[in-house]
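Data block below; observations after.
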Amino acid sequence: MAEKFTYSFRVKWTTLLGVFSFGILVPTFFVPVILGSEEHFLWIFVATLISFVIWEGSKLIQALILYFYPWEKSIIKHLSYEVASIFVFSSLVLIVGLLTYNALVSEVSISISVVLQNIFVSFLLALLFIAINEGAFLFGKWKASLLEQERLRQENLIAKVESLKKQLDPHFLFNSLSVLSGVVYKDPVLADRFITKLAQVYRYVLEHNDEKQVPLQKEISVVEAYCFLLNVRFYNKVLLDVKIAEKPVYVLPLSIQLLVENAVKHNRISDTSPLELKIYTADNTVWVENTLNKKDTQVESTGIGLKNLEARYKYVIGKSIQVEDNGQVFKVGLPLLTEEA
């Protein structure tokens, strides 16, 4: 994920402590003046001001380097550019400050030795700044990662509770039993198949609900059985088209079934407007697509189903689902796993 540009001008106590420390250190050990003299204290003021400019400038450089060369892309490039940029910047600021002071306030002998000493101080400044700020940045990332893991763990627990409470839509069971009572005497053969498919769906729920993932083909088999039950209820007005890869891939249990259930819940199904469902794989994703023909009286939707599905995928495999709606077709993409956990 790309980093955001996050520089902001804020003076903290750590900043003041750092600049005052270098403001005292540099004139005392690296500038040829009499200690305790007026010129010495003037140098302390100037060095503190220069240190502050270096500190804030280095913060800006760090933000730019983090934006253009984040840790995730290349650690070596990130650190190399950061060290080099801050070193050059701090060296220039120190030398310019020294020359400005020399021209406006007091003549100080600027020899090669003085320049090298200032460059050495610049290098120490660069290393110290990088150590402090990168350490704080990485600690913040680590803390944020822990909080994110805890949040996902909580969402996964909520999703599991909702899944256990819901299993399949209770209305589905009621409707299935109503349909069964209507066909059991009229068409015993169909009733027998209906009972077999209903048992297959609920057996799958009981056997695989607690598993992290299941083979895609097994999930599709249950979805086909689920659609058979729907077609008995809606007189073959649910049209299912499945085109999936033959290679062994996995999905979360009941994930595709949930999407089919949502499609039935929110769309009108009739002779003139059958529900068209397409399930296909592309680019390590299984897509569940349905035509949109929303009911005149909309069923209240809280979005909990999709939110739970998103939370489960983020927790189990660290990836998000994709949702697309163009007004005519609604589709959801679920990331595929290529190895069984």
Side-chain angles (χ1 to χ4, degrees), residues 159-160 162-180 183 190-234 236-267 269 274-282 284-290 304-306 308-313 316-317 321 330-341:
K160 281 189 173 181
E162 290 295 329
S163 179
L164 287 172
K165 286 166 59 179
K166 185 179 180 184
Q167 299 292 354
L168 293 175
D169 189 341
H171 294 292
F172 169 73
L173 179 59
F174 174 78
N175 290 329
S176 296
L177 294 177
S178 297
V179 171
L180 180 60
V183 300
L190 178 61
D192 182 67
R193 288 190 64 196
F194 190 93
I195 293 171
T196 301
K197 296 295 184 181
L198 184 61
Q200 179 185 350
V201 171
Y202 275 92
R203 183 169 60 248
Y204 179 83
V205 171
L206 295 174
E207 291 178 353
H208 300 287
N209 185 67
D210 290 331
E211 294 182 7
K212 284 188 175 180
Q213 58 198 53
V214 293
L216 175 60
Q217 189 59 58
K218 183 175 288 188
E219 178 84 2
I220 292 298
S221 297
V222 172
V223 169
E224 290 173 339
Y226 183 73
C227 287
F228 174 84
L229 301 177
L230 292 173
N231 273 317
V232 174
R233 174 186 169 191
F234 291 107
N236 297 316
K237 300 303 184 296
V238 178
L239 310 178
L240 178 64
D241 180 23
V242 178
K243 294 179 182 178
I244 60 172
E246 295 182 359
K247 61 181 180 179
V249 287
Y250 301 85
V251 293
L252 270 58
L254 296 174
S255 55
I256 297 178
Q257 182 276 329
L258 171 66
L259 298 175
V260 173
E261 181 182 307
N262 279 349
V264 173
K265 179 180 178 182
H266 295 288
N267 289 280
I269 303 175
L275 178 65
E276 297 180 24
L277 295 166
K278 293 182 180 180
I279 302 174
Y280 56 93
T281 53
N284 294 320
T285 302
V286 57
W287 288 93
V288 181
E289 177 181 309
N290 66 268
I304 289 177
L306 284 178
N308 281 349
L309 195 57
E310 167 75 6
R312 288 171 61 198
Y313 264 93
V316 175
I317 63 175
I321 65 175
F330 181 83
K331 62 180 182 177
V332 179
L334 305 177
L336 289 172
L337 293 90
T338 54
E339 296 182 2
E340 187 173 7

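In what follows, residues are counted from 1 in the order of the sequence shown. Basis for what follows: all heavy atoms, side chains included, without hydrogens, waters or symmetry-related copies.
- Gln217 places a side-chain heavy atom less than 4.5 Å from the side chain of Ile244.
- Atom CZ of residue Arg233 and atom OG of residue Ser178 lie 9.0 Å apart, to the nearest 0.5 angstrom.
- With values rounded to the nearest 0.5 angstrom, Lys237 atom NZ is found 10.5 Å from Ile269 atom CD1.
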Using atom types as modelled, flag every donor-acceptor pair under 3.5 Å from a side chain in residues 191-200 to any protein atom, sequence neighbours excluded.
residue	atom	partner	partner atom	Å
Thr196	OG1	Asp192	O	2.9

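- We find the CG-CG distance between Leu230 and Leu275 to be 8.5 Å, quoted to the nearest 0.5 Å.
- Residues satisfying the side chain to side chain contact (heavy atoms under 4.5 Å, CB included) test with Asn231, not counting sequence neighbours, are Asn236, Val238.
- Closest approach of Val232 and Val179 over heavy atoms only: CG1-CG1, 3.4 Å.
- Rounding to the nearest 0.5 angstrom, the gap separating the CG atom in Leu309 from the CD1 atom in Ile321 is 4.5 Å.
- Put simply, the side chain of Thr281 never gets that close to the backbone of Val286: no donor and acceptor are under 3.5 Å apart.
- Val260 places none of its side-chain heavy atoms less than 4.5 Å from the side chain of Gln257.
- You'll find the side chain of Cys227 reaches within 4.5 Å of the side chain of Leu277, heavy atoms only.
- Contact record, Pro253 with Arg312: O-NH2, 2.9 Å, taken as the closest heavy-atom pair.
- Residues passing the ring pair (Phe, Tyr, Trp, His ring centres under 6.0 Å) test with Phe330, sequence neighbours excluded: none.
- Side-chain contact between Glu224 and Leu240: present, with at least one pair of heavy atoms (C-beta onward) separated by less than 4.5 Å.
- Remark: Glu289 engages Lys278, Tyr280, Val329, Lys331 in a side chain to side chain contact (heavy atoms under 4.5 Å, CB included) (not counting sequence neighbours).
- Proximity of a side-chain donor or acceptor of Glu219 to a complementary backbone N or O of Ile256 within less than 3.5 Å is detected.
- When side chains are defined from C-beta on, Thr285 counts as touching Trp287, because their heavy atoms get closer than 4.5 Å.
- Partners of Tyr313 according to the side-chain hydrogen bond (donor to acceptor under 3.5 Å, both in side chains) rule, which considers only residues two or more places apart in sequence or in another chain, do not exist here.
- Atom CG of Leu239 and atom CG of Asn290 lie 12.0 Å apart (nearest 0.5 Å).
- In this structure the side chain of Leu337 reaches within 4.5 angstrom of the side chain of Ile317, judged on heavy atoms.
- By the side-chain hydrogen bond (donor to acceptor under 3.5 Å, both in side chains) test, Glu310 is found to be paired with Ser320, residues two or more places apart in sequence or in another chain being considered.
- Among residues two or more places apart in sequence or in another chain, the side chain to side chain contact (heavy atoms under 4.5 Å, CB included) test is passed with Glu207 by Arg203.
- For Lys218, the salt bridge (charged side-chain N to carboxylate O under 4.0 Å, His left out) test picks out no residue, with sequence neighbours left out.
- Summarising the geometry, atom OH belonging to Tyr226 is positioned 8.0 Å from atom OG belonging to Ser176; distances are rounded to the nearest 0.5 Å.
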